[in-house]
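These notes concern the structure reproduced below.
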Amino acid sequence: MKIFYIVSAISLCAISVNAQNAKPEDTELWSPEPKVIMPAKILGGAPSDAIVLFDGKNLNEWILQNDSTATQKWKLSNGAMTVDKKLGDLCTRRKFTDYQLHIEYRIPTVIHGTGQGRGNSGIFLAALPWGAGGYELQVLDNYENKTYVNGQVGSIYKQSIPLANAARKPGEWQTYDVVWTAPRFNDDGSLKSPARVTAIHNGVLVQNNYILKGDTPYIGQPAYKAHGAAPIKLQSHGDPSEPISYRNIWVREL
């Protein structure tokens, strides 16, 4: 025991001496230098390295999921695109893996329905052509409108309850800022690492690096099936309420 105390004392003395001899520059890193990104001049605007998916002028970056050659898409007016429930979901032409996403949406001022039948849409962070159709971040009018909590706005649908309800009133523009880490798969199709998502709704953290259990089905349990880069999809939900609108959509690949 006495030997132990002696060794410990020697170690502490050595640490003390090293600390006295240390210099500030010993712990300074000068490379690699972070890439210089010019932030947007206006709040919520696209930074210099972003891919602008929708700036209110056209829908060139988007296709209908059920007809990629269609020239008729969602309705474009006053710098926003409005869901056309007769035409179906809209997908990006490009495919993505990991990214930062900014998107804004608006529930119409005049809105009818309750629960899931009120301003329903969804942002599929990776759209897949099978099963649940991908991984959905819910869009819904939950301003004084209750539904099951793992299906309200800010939820990872049927998986993760949002940390808060930050819904604005119908008629007001709302924002999502999302960091998406796509799942990775082994050569045999088994899961190597699951998907993760952080989401901020109207400036409020609603998903904090949540680890997804799989896709987001309406019925049944989530599951993973091997895939690579995938489009981002905006849902044209079949509920009878008035359609919502989107604007100012950009993405930064990570």
Side-chain angles (χ1 to χ4, degrees), residues 34-35 37 39-40 44-55 61-63 65 89-105 121-140 150-164 166 174-186 191-218 222-235 237 244 246-254:
K35 182 172 61 173
I37 304 298
S48 60
D49 66 338
I51 299 170
V52 177
L53 296 176
F54 180 64
D55 61 3
E61 289 284 345
W62 299 85
I63 58 174
Q65 184 185 36
D89 300 342
L90 210 61
C91 291
T92 57
R93 289 186 181 276
R94 307 182 195 224
K95 295 181 179 181
F96 302 97
T97 305
D98 303 337
Y99 59 78
Q100 172 190 345
L101 173 69
H102 176 88
I103 187 168
E104 300 174 14
Y105 71 92
S121 183
I123 303 164
F124 282 75
L125 302 171
L128 304 175
W130 59 73
Y135 314 90
E136 182 184 5
L137 174 62
Q138 177 71 305
V139 176
L140 191 73
N150 61 347
Q152 73 177 63
V153 69
S155 67
I156 300 302
Y157 187 69
K158 288 288 186 80
Q159 278 196 50
S160 180
I161 301 168
L163 299 173
Q174 311 196 49
T175 64
Y176 266 129
D177 288 283
V178 181
V179 177
W180 170 252
T181 302
R184 302 301 201 270
F185 298 89
N186 296 307
L191 183 66
K192 183 176 183 180
S193 60
R196 292 182 285 115
V197 62
T198 295
I200 297 173
H201 185 219
N202 295 326
V204 177
L205 183 68
V206 291
Q207 297 293 335
N208 187 13
N209 197 31
Y210 174 70
I211 299 173
L212 278 77
K213 301 172 184 176
D215 60 1
T216 52
Y218 175 50
Y224 279 110
K225 182 178 178 181
H227 64 85
I232 298 168
K233 181 175 71 175
L234 303 181
Q235 185 184 42
H237 196 270
I244 80 168
Y246 290 95
R247 73 176 186 185
N248 190 22
I249 308 173
W250 52 264
V251 65
R252 293 181 63 244
E253 296 181 293
L254 302 177

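Just so you know, these numbers come straight off a predicted model, no measurement behind them.
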Subject >> Side chain to side chain, Ile63 and Arg93, heavy atoms closer than 4.5 Å >> reply: yes

**OP:** Output the distance between atom CD1 (Ile37) and atom CG (Asp49), rounded to the nearest 0.5 Å.
**Re:** 3.5 Å

Original post:
Sequence neighbours excluded, which residues qualify as side-chain contact (heavy atoms from CB on, under 4.5 Å) partners of Ser155?
Top reply: Gln138, Pro162

Original post:
Do Arg196 and Ile211 come close enough that some side-chain heavy atom pair is under 4.5 Å?
Top reply: yes

**OP:** If the plane angle is over 60° it's perpendicular, under 30° parallel, otherwise tilted; pick one for Tyr105 and Tyr246.
**Re:** tilted

**OP:** Evaluate the side-chain proximity of Ile249 to Leu101: yes if any heavy-atom separation is below 4.5 Å, no if none is.
**Re:** yes

Subject >> OG1 on Thr92 to CH2 on Trp62, rounded to 0.5 Å >> reply: 6.0 Å

Original post:
Is the backbone N or O of His102 less than 3.5 Å from a side-chain atom of Asp177, with the two atoms forming a donor-acceptor pair by type?
Top reply: no

Subject >> Spacing of CD belonging to Gln207 relative to CG belonging to Leu163, to within rounding of 0.5 Å >> reply: 6.0 Å

**OP:** Measure the spacing between NE2 of His237 and CG of Leu140 and express it to the nearest 0.5 Å.
**Re:** 8.5 Å

Subject >> Side-chain touch Gln65/Pro129, heavy atoms, less than 4.5 angstrom >> reply: no

Original post:
Short question: side chain of Thr216, backbone of Gly134 - any donor-acceptor pair under 3.5 Å?
Top reply: yes

Subject >> Qualifying residues under side-chain contact (heavy atoms from CB on, under 4.5 Å), relative to Leu212, sequence neighbours excluded >> reply: Tyr135, Ile156, Gln159, Trp180, Ala195, Val197, Tyr210, Tyr224

Original post:
Within a strict 4.5 Å, meaning less than it, do heavy atoms of the Ile103 and Thr175 side chains meet?
Top reply: no

Subject >> His201 and Tyr176, any side-chain heavy atoms less than 4.5 Å apart >> reply: yes

Original post:
Hey, does the side chain of Trp250 reach the backbone of Asp55 with a donor-acceptor pair shorter than 3.5 angstrom?
Top reply: no

Original post:
Does Val179 reach the side chain of Leu254, with side-chain heavy atoms less than 4.5 Å apart?
Top reply: yes

